[in-house]
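Here the structure comes first, spelled out in structure tokens, and everything after it is commentary.
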Amino acid sequence: MAMSKKIISILIANRGEIALRIIRACRELGIKSIAIYSDEDVRAVHVKRADEAYHIGPAPPAQSYLNMTKIVETAKAAGADAIHPGYGFLSENENFPEMCEKNGIIFIGPTAKAMEVTGDKMKCKAVMKKAQVPTVPGSDGIIEDVEKAADVANKAGYPVLLKSAFGGGGRGIRLANSEKQLRQEFEMASAESRAAFGKAALFVEKYLQRIRHIEFQLVRDSHGNSRHLFERECSIQRRHQKLIEMSPSPVVDQKTRERIGEIAVRAAEAVDYLNAGTAEFLRDPEGNFYFIEINSRLQVEHPVTELVTGLDLVKLQVAIAQGEEITFKQSDLKMNGCAIECRINAEDPFYEFAPSTGAVPSCNIPYGPGVRVDTYLYPGCTVSGYYDSLTAKLLAWGRNFDEARVRMRNALDEFTIEGINTTIPLYRTIMDDPNFIKGDLSTDYLDRFKIFDKMNEDAKERAKEKASAAVASILLQSEFVKKAGAAQTAAKSSKWKMRGTSS
Amino acid sequence: MAMSKKIISILIANRGEIALRIIRACRELGIKSIAIYSDEDVRAVHVKRADEAYHIGPAPPAQSYLNMTKIVETAKAAGADAIHPGYGFLSENENFPEMCEKNGIIFIGPTAKAMEVTGDKMKCKAVMKKAQVPTVPGSDGIIEDVEKAADVANKAGYPVLLKSAFGGGGRGIRLANSEKQLRQEFEMASAESRAAFGKAALFVEKYLQRIRHIEFQLVRDSHGNSRHLFERECSIQRRHQKLIEMSPSPVVDQKTRERIGEIAVRAAEAVDYLNAGTAEFLRDPEGNFYFIEINSRLQVEHPVTELVTGLDLVKLQVAIAQGEEITFKQSDLKMNGCAIECRINAEDPFYEFAPSTGAVPSCNIPYGPGVRVDTYLYPGCTVSGYYDSLTAKLLAWGRNFDEARVRMRNALDEFTIEGINTTIPLYRTIMDDPNFIKGDLSTDYLDRFKIFDKMNEDAKERAKEKASAAVASILLQSEFVKKAGAAQTAAKSSKWKMRGTSS
Amino acid sequence: MEFKVGDIAQLLQGEVLRTTENNSVLVKIAGKEHTVRLLKAGTNEFEFILDNTFHHAKILQSGSAEVRLVIDGQPLTVKKHSKLTEVLEKASALGGAGGGDRNLISQIPGRVVNISAKTGTEVKKGDVIVVLESMKMQVAVKAHKDGNLKEIKVKQGASVARNDVLAVIE
Amino acid sequence: MEFKVGDIAQLLQGEVLRTTENNSVLVKIAGKEHTVRLLKAGTNEFEFILDNTFHHAKILQSGSAEVRLVIDGQPLTVKKHSKLTEVLEKASALGGAGGGDRNLISQIPGRVVNISAKTGTEVKKGDVIVVLESMKMQVAVKAHKDGNLKEIKVKQGASVARNDVLAVIE
């Protein structure tokens, strides 16, 4: 199915920083960029920067960025010959590439068929096992019988997790440390599942502890060429949401990189993958890697890989979608230095990550050696509560981890966003944390090292340092502004209303 | 003279983007940064970002940034153990390192002795000839006798230039195409020189045509280790001022790079150079390289080299000043991709590069993949007429020249600076110019390819494209604002005064 | 005047000694004299150099007793009083300054996706009263104290702003 | 109304057909109808979508006959008149609109480092009258026409702003 058609215009079925990222790639390729926007996004930066922008519906995603029919209609009306879905929204909906194809529009991403497999965890696991890709030990599918469950658990080794096929996001998961406990929990979980869904659909999986999340970036073209673009470690998470990503991982040496990279390529081939994707693995403290899933889209953290490989993943996506062959061999790729990404979310890390939305009257986006920012923020923009909380991705590159880390630390200090709370203070604490510095990461990193306590301590420390300056500002205000107010009423100009210079 | 002292605080004897660049390096190194500022610079970004900032005097450079005594006094009062001079101002004044040394302050740069040689063109040329570094053919020094001048000219080959030792900046230079013309011009030039300076001091140099300016970045430590960090081509100039720099040069292949790099290292060793510097060469169309001078400072265009080598030159400077050895071998260095720099000067390219100063109420600094900016601009800043016109250095990196070029083109479009005129429109035209694209560069590039005519054409083309939108804005204004004015007087809120959203 | 810097409970004595030419002020903070050079003064924004270091202050809320400000990106609350020590002592003797507020306030802006409690019922501190949605996240707003849920001020689907009163507990 | 876009000497007919709800206007420019969707309107700044493309316009100077604006970073001058064609024809018949101005204007801000001509003498167009310094560059300000140098309005060392009158030539 190696089609070959030069793309001349792309509709970007997304918003925010990723829409802007894709617009920039379009410009470099000489391709017309077509943005879509909801009522909420009339003044969003992707509307301003695209060659064209079309209104798509009201603010709620279901009526705009998730409205497939409307988007495909718009693409046709605007003469777009391709659609880039970005991440989130429709990017992993297998019906979307199908609808695109029916309407003669190139979908920049995997085929519906590949998506269908990668989107179904159990089906995907079965395919991977067949392709000898190591997966998390456990049942091959749904288990209805407690004896079978015990068998699987004994083979995988305790502790194990009992997961409801209907659960999700941490719900419906039960831990069993022994066969006895398994039998008890199985009965309870079955009853619960039956009550809720009319069916007891459980599966058993080995409970991996102190795991690291390590993923491999993949690309595969329509001619069957596959490459992996090395790993990213994304172990610093909160409630299964990645906060910090980096490449290389401190625990992946060149030999491991090649070994797991080959497995990742095998995984891509097993599902006949197309375009850019990511094979996600868990790594246990013994150094075993377990495949968990393929993310069938461009990921939020793709710039980490761009910084260490020098590749432009979005331009590569377009080339593959046009039917081009990947021009580099696996051996051509070399990892250059280290890159770290922090997701600057509009959430208050001091208040249980409460969403923080509203106008941003001013902001200072950091720049300088080794710093890259992908963001939709600009002075005067609005952070909307209708969409997700990622406002910016701050990246730092260095010749080695420590250079990248220190640059990140400084860039976090330079990054100011007025009007909303962000996760920046959390990342400042992490960049200085000795455990982070020595690479002692795991998905429970934040709790294990009491990072939130440290963050609160850091905030107090900073407050102490700033106490005199704070008092000085209040004294200044009482001394100058009140007088200035009076003076200004009397004369039009005042000594205290100053311009840039002083005499 | 290999001293070895850990630097703990650096006074930055400079302002603008380079002061900020050095502040960032200090932060990465955990070194206290100490800024100085004139009355004109009270709200400058380097004052805001440094750990400490000291007032140094009135706006005119002679009374502030050039006031050696005051600066050294300030350094001592602030407890600085080192001074970084940046570029310009005191950076190449051999008295400055001397005064620093006397006061027990480390000067981050070459020794006074090396500076003395590199600062005297004729002396430097003599040293280089001895070290078998190829220089521009011509007289070894001042010639007072016409017969000697004819001898030198015949050896070098016509055309030749007659230069007055007292001239400078293009003044006092005469061209001779033949011996006959040389004899005539020599008499006239001698008479002119005698009249003006009481002395006929002329020298003869081969007139090189259609030359390219190619320079090699050098570093040399106090242990005698020298490295070159490849070349930068800076041929696009206006009145001997560099506008665009890039690395690699389109005419330097690996063999040439190694050959000239070795010569550059030899040049550094010939003058017992210390710290970072640049060996500048002219290259004629036949591919011959002629050494012209060593710039004994960190150069404006150093980030070009940083982007292709991954090194941080300012941090390297500090390490060398601390007496550390360079940790990498020549063979460790590899050129990665291509980098281009455009100097965003506050000058009007449509009006003979007239300086353009004043308040910058808003600006948009570009960012995204492969883009780096070093600048002192921020919304609300002021571009002062007291100092030089460089407001920002815009850099683009790509895997190859064309990727870097297209990224630069787009970043130039994203870069908006309100309130002043800049050289951005000129660079937009250059990035699209077929001669630039094919690498046909020379120091007369702008005239040779009538780039200013092209720039004017481009501006007209853009005006044509924007004509409808311009008319639409005027119609909008008459339709909305006037009504809104009336409406606002009546009611407090108006339909036309909108917020970020529309219904 | 005395100032108490919130969170860190630090007490600082501060006063203006005199203003000098060149937009500078001589101040005394915690017994030490400092020269403050004012670079920029807006109505609620200041830039100044204190002890050779630049600071940027944004005053968010300025009352006669309390000032909320952001200094160099660090949010701070400062209580001010000419006899602050006395007041604080008195307040602590009374067992806390404010006293129990009836209003349940929303700390975030969002849309009401669920009303989880009934008017007129008894609620315990920590019980979920209302669920808000913002940025694809659901945030439970919990009772700030035990008491009777007198009134729920919002409806399902309504938008609330930060600091809006969601309910009244007595 | 008719509009003449400077530099490119393009004539465009433009009119508002009607305003619609949703902050949109139906306009006719050069015979073609367009919907303009206004996103932001300040007193001199507009953001709008015209034919599905975003534009940002900043009006620098708005007179009844001429508007100077920057649109998407591109400076433009637009002359407007209900009967522009007639006016332009008349003007060109008279041999140019403005007529010779007496004032020599500075195009840049700077400091006067040299007065190069003498009051009362005859100067030719292009003769250097004053040398200004800005950003370490010297810029010669030349006579804009032949005539008698009536007056020099600046002194050595003085600061001049952009558009200041430097001299009068008659």
Side-chain angles (χ1 to χ4, degrees), chain B residues 60-61 88 345-348 350-358 362 364 383-390 413 415-418 421 424-425 456 459-481 483-485 494-500 502-503, chain D residues 1 3 5-8 10 12-16 19 21-25 27 29-30 32 34 36-44 46 48 50-51 53 55-59 62 67 69-78 80 107-111 132-137 139 159 161-162:
Chain B
N345 295 336
E347 298 168 8
D348 187 351
F350 293 99
Y351 190 75
E352 290 179 14
F353 287 75
S356 180
T357 61
S362 80
N364 182 63
V383 172
S384 165
Y386 281 102
Y387 312 111
D388 78 36
S389 64
L390 182 75
D413 276 343
F415 207 155
T416 55
I417 308 171
E418 224 178 85
N421 295 311
I424 288 174
N456 281 305
K460 275 191 193 167
E461 203 48 54
R462 269 172 73 87
K464 254 184 224 167
E465 280 166 23
K466 301 297 179 189
S468 292
V471 167
S473 348
I474 297 169
L475 292 174
L476 281 175
Q477 195 191 31
S478 64
E479 196 63 18
F480 288 130
V481 171
K483 278 187 198 166
S494 151
K495 183 183 171 191
W496 312 118
K497 255 294 209 198
M498 271 165 301
R499 288 175 312 125
S502 77
S503 60
Chain D
M1 209 180 322
F3 298 89
V5 182
D7 300 335
I8 54 172
Q10 196 173 334
L12 286 171
Q13 194 98 33
E15 60 180 315
V16 173
T19 60
E21 74 295 5
N22 220 355
N23 297 315
S24 292
V25 208
V27 298
I29 298 172
K32 229 182 113 190
H34 308 265
V36 182
R37 184 172 183 173
L38 189 60
L39 304 181
K40 189 192 169 189
T43 44
N44 59 356
F46 294 89
F48 58 94
L50 166 70
D51 300 341
T53 298
H55 294 284
H56 171 266
K58 185 141 189 174
I59 314 260
S62 177
V67 181
L69 74 165
V70 177
I71 183 134
D72 302 329
Q74 172 74 33
L76 272 183
T77 307
V78 179
K80 55 180 184 177
Q107 301 290 329
I108 62 157
R111 272 172 304 286
L132 300 178
E133 190 182 76
S134 183
M135 297 185 146
K136 304 198 294 185
M137 287 179 267
V139 180
S159 286
R162 196 176 171 152

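Here is how names work: the chains are called A, B, and so on, in the same order as the sequence lines, proteins then strands, and each is numbered from 1.
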Which atoms of D/Glu15 come close to chain B, meaning under 4.5 Å heavy atom to heavy atom: side chain ones, backbone ones, both, or neither? backbone

Just give me the residue among B/Glu418, B/Glu461, B/Glu352 that pairs up with chain D most often, heavy atom to heavy atom, under 4.5 Å. B/Glu418

Is B/Arg462 reaching over with its side chain to a backbone N or O of D/Asp72, donor-acceptor style, under 3.5 angstrom? yes

Show your working on side chain to side chain contact (heavy atoms under 4.5 Å, CB included) between D/Val139 and B/Tyr351 and close with a plain yes or no. CA-CA 11 Å; D/Val139 180; B/Tyr351 190 75; 5.9 Å; no

Closest approach of B/Ala469 to D/Phe48 (non-hydrogen atoms, all atoms of both residues): O-CZ, 3.5 Å

Given that the side chain runs from C-beta out, which part of B/Ser473 has a heavy atom under 4.5 Å from chain D: side chain, backbone, both or neither? both

Using heavy-atom distances under 4.5 Å, tell me whether B/Glu347 contacts chain D through its side chain, its backbone, both, or neither. side chain

Hey, could you give me the NZ/OG distance between D/Lys32 and B/Ser468, rounded to the nearest 0.5 Å? 8.0 Å

Candidates B/Leu390, B/Asp388, B/Val383 - the one meeting side chain to side chain contact (heavy atoms under 4.5 Å, CB included) with D/Met135: B/Val383

Evaluate B/Glu465 against D/Gln74 for side chain to side chain contact (heavy atoms under 4.5 Å, CB included), listing each step before the verdict. CA-CA 10 Å; B/Glu465 280 166 23; D/Gln74 172 74 33; over 6 Å; no

Top contributor to chain D contacts, counting heavy-atom pairs under 4.5 Å, from B/Ala470, B/Ala346, B/Ala354, B/Ala463: B/Ala463

Among the listed options D/Val27, D/Val16, D/Leu50, the residue most often paired with chain B at heavy-atom distances under 4.5 Å: D/Val16

Heavy-atom cut-off 4.5 Å, strictly under: side chain, backbone, both or neither for B/Tyr386 against chain D? both

Distance from B/Leu475 atom CG to D/Phe46 atom CZ, nearest 0.5 Å? 10.5 Å

What one should report as the nearest heavy-atom pair of B/Ala467 and D/Leu12 is CB-CD1, 3.7 Å

Search all heavy atoms of B/Val471 against all heavy atoms of D/Gly14 and return the closest pair with its distance. CG1-CA, 4.4 Å

D/Leu132 versus chain B, the contacting section by heavy-atom distance below 4.5 Å: neither

Considering only heavy atoms and a distance below 4.5 Å, find which of D/Ile8, D/Leu76, D/Val25, D/Val5 pairs most often with chain B. D/Ile8

Apply side chain to side chain contact (heavy atoms under 4.5 Å, CB included) to residues B/Gln477 and D/Ser62 and explain how you reach the verdict. CA-CA 10 Å; B/Gln477 195 191 31; D/Ser62 177; 3.3 Å; yes

Segment of B/Asn421 engaging chain D (4.5 angstrom heavy-atom cut-off): side chain

Between D/Val36 and B/Leu476, does a side chain to side chain contact (heavy atoms under 4.5 Å, CB included) hold up when you go through it step by step? CA-CA 9 Å; D/Val36 182; B/Leu476 281 175; 3.9 Å; yes

Taking all atoms of both residues into account, what is the closest heavy-atom pair of B/Thr357 and D/Ser134, and its distance? CG2-OG, 3.6 Å

